[in-house]
Amino acid sequence: MKKFLLWFITAGILFSGCKKLDQVPASTATNAAVFGNEKGLELYANSFYKALPRASDAHKGDAMSDYAARSQAPNFLLEGAFGSRQSDGWKWENLRNINFFLENNKDPKVPLAVRTQYNALARFFRAYFYYDKVRRFGDVPWINKTFKVDDPDLYKGRDTRSLVMDSVLADLNYACDNLTRVTDNSRSLITKYVALGFKSRICLYEGTYRKYHTEAALTGTANQWLTEAADAAKKVISSGSFSLNTAGGTDMAYRNLFISTVPVATEVMLASVTDANLAVYNDANWWWTSATYGSRISFTRMFVNTYLNIDGTPFTGRSGYQTLPFKEEVKGRDKRLQQTIRMGNYKRLNGGTPEAAPPIFSYTYTGYQPIKWVLDETGYDGGEKNINSISLMRYAEILLNYAEAKAELGGLDDADWFTTIGALRQRAGITGGLASKPVIADTYLRENYFPDIFDATLLEIRRERGIELSLEGLRFDDIVRWKRGELMTKVWNGFYVPALNVPMDLNEDGVMDVCFYQVMPETKVKGVTYINVAAKVNGQDNPQRLSNDTYGELTWLAGTTRIFKQRHYVYPIPEADVLFNPNLKQHPDWLGL
């Protein structure tokens, strides 16, 4: 972070100086100072890092996902609420910055090996830039030069996905082959293994996208990308540079990854790092605990049902699981559940004093309130105060990328299962099914999530990916690449309420926490939060109901119809950009919207 701060200070001086010297040719005023020595290259290259998510953005990455009930449905999923006028993200400044560097990093005064490693970093970030653009917009123009104001290519059309992604792969391969930094104690810099990790992520995305989006007519090349994904992940695994964090045992090893001030270096490969000395914080507590600031995201019951029993069997195999109250359904489960939501003996610290902290309905709509990124001390709750670093890539993801790519290729064996999915589940306290692949496809997963997947192993890998990487910003991308947009339209359901007007003790501490009613009881229990689930409130449809009116699962915004059509697998190009360059041509499915 200190290096980044130095870059921005230096850049500010340079740019302010350029305004005064704007009559002097840029090549003589600035190029030699930047490209004629390694320090100049380093300062310039540090500017590439602004492309990475800020911590205060990264922890919100799954704000739009199938398992996230939230205060309002995203406009993107509402009929008539989103189109080219609302779309954004068509920004190219970072690409010009990268291309300018690659064009000018040729000064022979700097040793070739030095120039090559900085070109490798630049090409990594160009691949990162284009991966983001292709995920969002599909076909985009491939640009590998800096434009002058009269360049006719300013008005070029979009290139094919194949051309762009092949170019992305070429950049990734160059970066992986030529980056010389292999370790970084701060976990804030791009290293060879981080580049390989991103390569596994990007190639898995592209391979599965091509496999399941048959309309793209690229299925014949899917396995090439899946092989690249598996190979890149394998190189990270074989390096021995990372391992799953086990400090804290099965009760805390997982959550420690998300609340630690310093990134847990054994597992976290890249992070957005906080620094109190530089007043660099994030707003995780504020966003995940506030009734007004954030989106009040809570998990749906359909997703929570996917957490296994501690013995490795499906929770949905339990007799009567559908009607288990909250305090019962969370018992004896994968220990990541208790490290991801408020449940059981979870406590928060109020000035250092532990206090029971069951789900609070001033925040949660479903009862499954996340704690994954939340520091336990309540003093962090208001404002951008958090001191925990936010992970951008973990070794756990690499294991999942490898397992999924190998399974898609039909080559995952029991040894692979044991060292990937088995290892993740063992860290979570699960005792069964660790050593060998499953052979029976889980009915719940097939019926509710992946009806076209019959392979038991692939189903379990997808289950594991959803749980292990929950709220880490990858879920919507997974839904898109698997072509399972329908999941975005599922009812936002919550925990089971057996009856009205019966206070519930959610954490079994002997204190009643919440009561659901349609007519407010004449006598209320002190300290209990009362939630109205009547059909109408003040003459308006009530967004919070019970599935069977007087009992059943909580539902939120069940009367709001969310849609996901073929067009929703890409975003429309912003209207202003198509007007500026008609050769871009809007996606046909978004025309007129």
Listed partners of Asn581 passing side chain to side chain contact (heavy atoms under 4.5 Å, CB included), at least two apart | Tyr155, Asn583, Leu584
From the list Phe299, Trp492, Trp556, ring-ring contact (aromatic ring centres under 6.0 Å, His included) partner of Tyr365 resolves to Trp556
Do Leu459 and Arg446 pass the side chain to side chain contact (heavy atoms under 4.5 Å, CB included) test, and can you show the C-alpha distance, the side-chain angles, and the key distance before you say yes or no?
-> CA-CA 8 Å; Leu459 282 171; Arg446 286 207 61 245; 3.4 Å; yes
Charged N-O contact under 4.0 Å between Glu42 and Arg115 = no
Under the salt bridge (Lys or Arg N to Asp or Glu O under 4.0 Å) rule, what do Lys565 and Asp589 come out as? Steps first, then yes or no, please.
-> CA-CA 9 Å; Lys565 301 180 179 180; Asp589 291 340; over 6 Å; no
Gap between atom CG of Leu412 and atom CD1 of Ile461 - 0.5 Å precision | 5.0 Å
Quick one: are Arg158 and His587 in side-chain contact, heavy atoms under 4.5 Å?
-> yes
In Phe476, Trp590, Phe82, the residue satisfying ring-ring contact (aromatic ring centres under 6.0 Å, His included) with Tyr571 is Phe82
How many angstroms lie between OH in Tyr118 and CG in Leu102, if you round to the nearest 0.5 Å?
-> 14.0 Å
Can you see which heavy atom on Lys211 is nearest to which on Ala222, and at what distance?
-> N-CB, 3.8 Å
So is Arg96 actually on top of Phe147's ring, under 6.0 Å and inside 45° of the axis?
-> no
Atom CG of Leu172 and atom CZ of Arg126: how far apart are they, to the nearest 0.5 Å?
-> 11.0 Å
Run the salt bridge (Lys or Arg N to Asp or Glu O under 4.0 Å) check on Asp88 and Lys91 step by step: do they pass?
-> CA-CA 8 Å; Asp88 60 8; Lys91 297 183 183 298; over 6 Å; no
Steps toward salt bridge (Lys or Arg N to Asp or Glu O under 4.0 Å) verdict (Arg394, Glu472) | CA-CA 10 Å; Arg394 294 192 289 122; Glu472 294 186 50; 2.7 Å; yes
With a cut-off of under 6.0 Å to the ring centre and 45° to the axis, is Arg135 in cation-pi contact with Tyr131?
-> yes
Where do Lys148 and Asp150 land on the salt bridge (Lys or Arg N to Asp or Glu O under 4.0 Å) test, with the steps shown first?
-> CA-CA 6 Å; Lys148 295 181 171 57; Asp150 58 348; over 6 Å; no
Quick one: do Val134 and Val140 satisfy side chain to side chain contact (heavy atoms under 4.5 Å, CB included)? Show the steps, please.
-> CA-CA 7 Å; Val134 170; Val140 294; 4.1 Å; yes
Gap separating the CG atom of Leu179 from the CZ atom of Arg123, nearest 0.5 angstrom = 11.0 Å
List in chain and number order the residues that pass side chain to side chain contact (heavy atoms under 4.5 Å, CB included) with Ser162, two or more places apart in sequence or in another chain; answer none if no residue qualifies.
-> Thr160, Arg210, Leu218
Residues Glu206 and Arg201 bridged, charged N to O under 4.0 Å = no
State yes or no: are the ring centers of Phe101 and Phe48 separated by less than 6.0 Å?
-> yes
How about Tyr49 and Phe125: are their ring centres within less than 6.0 Å of each other?
-> yes
List the steps and the verdict of side-chain hydrogen bond (donor to acceptor under 3.5 Å, both in side chains) for Tyr174 and Asn119.
-> CA-CA 9 Å; Tyr174 185 90; Asn119 281 342; 4.5 Å; no
Using distance alone, with no hydrogens and no angle criterion, decide if Asn173 and Lys199 have a side-chain donor and acceptor under 3.5 Å apart.
-> yes
is_close_aromatic(Trp90, Trp92), centroid dist under 6.0 Å = yes
Describe, in one word, how the ring planes of Phe35 and Phe100 are oriented to each other, choosing from parallel (under 30°), tilted (30 to 60°) and perpendicular (over 60°).
-> tilted
Anything under 30° is parallel, anything over 60° is perpendicular, the rest tilted; go ahead and classify Tyr193 against Phe242.
-> perpendicular
If you look only at distance, which donor and acceptor atoms sit under 3.5 Å apart when one is on a side chain in residues 478-490 and the other is two or more places apart or in another chain?
unit_1 : atom_1 : unit_2 : atom_2 : d
Asp478 : OD1    : Arg465 : NE     : 3.2
Asp478 : OD1    : Arg481 : NE     : 2.9
Asp478 : OD1    : Arg481 : NH2    : 3.1
Asp478 : OD2    : Arg465 : NE     : 2.8
Arg481 : NH1    : Thr208 : OG1    : 3.0
Arg481 : NH1    : Glu404 : OE2    : 2.8
Arg481 : NH2    : Glu404 : OE1    : 2.9
Arg481 : NH2    : Glu404 : OE2    : 3.3
Trp482 : NE1    : Glu404 : OE2    : 2.9
Lys483 : NZ     : Glu215 : OE1    : 2.9
Arg484 : NE     : Tyr449 : O      : 2.6
Arg484 : NH1    : Glu486 : OE1    : 3.2
Arg484 : NH2    : Tyr449 : O      : 2.8
Thr489 : OG1    : Glu486 : O      : 2.7

Listed by chain and number, what are the side chain to side chain contact (heavy atoms under 4.5 Å, CB included) partners of Ser298, not counting sequence neighbours?
-> Tyr363, Thr364, Thr366, Pro370
Is there a side chain to side chain contact (heavy atoms under 4.5 Å, CB included) between Lys60 and Asp283 once you walk through the steps?
-> CA-CA 10 Å; Lys60 305 166 189 170; Asp283 63 354; 3.0 Å; yes
Check: Asn493 and Met302 side chains under 4.5 Å, non-hydrogen atoms = yes
Would you give the length of the straight line joining atom OG1 of Thr180 to atom NZ of Lys192, rounded to the nearest 0.5 angstrom?
-> 8.0 Å
Just grab all the ring pair (Phe, Tyr, Trp, His ring centres under 6.0 Å) pairs involving residues 213-235, residues at least two apart or on different chains.
-> Tyr209-His213, His213-Tyr569
Quick one: side-chain hydrogen bond (donor to acceptor under 3.5 Å, both in side chains) pairs with a partner in residues 137-146, sequence neighbours left out?
-> Glu103-Thr146, Lys145-Asp151, Lys145-Asp153
Between Lys133 and Phe129, is NZ or CZ placed under 6.0 angstrom from the six-membered ring centre and within 45° of the ring axis?
-> yes
Gap between atom CD of Glu460 and atom OG1 of Thr457 - 0.5 Å precision | 8.0 Å
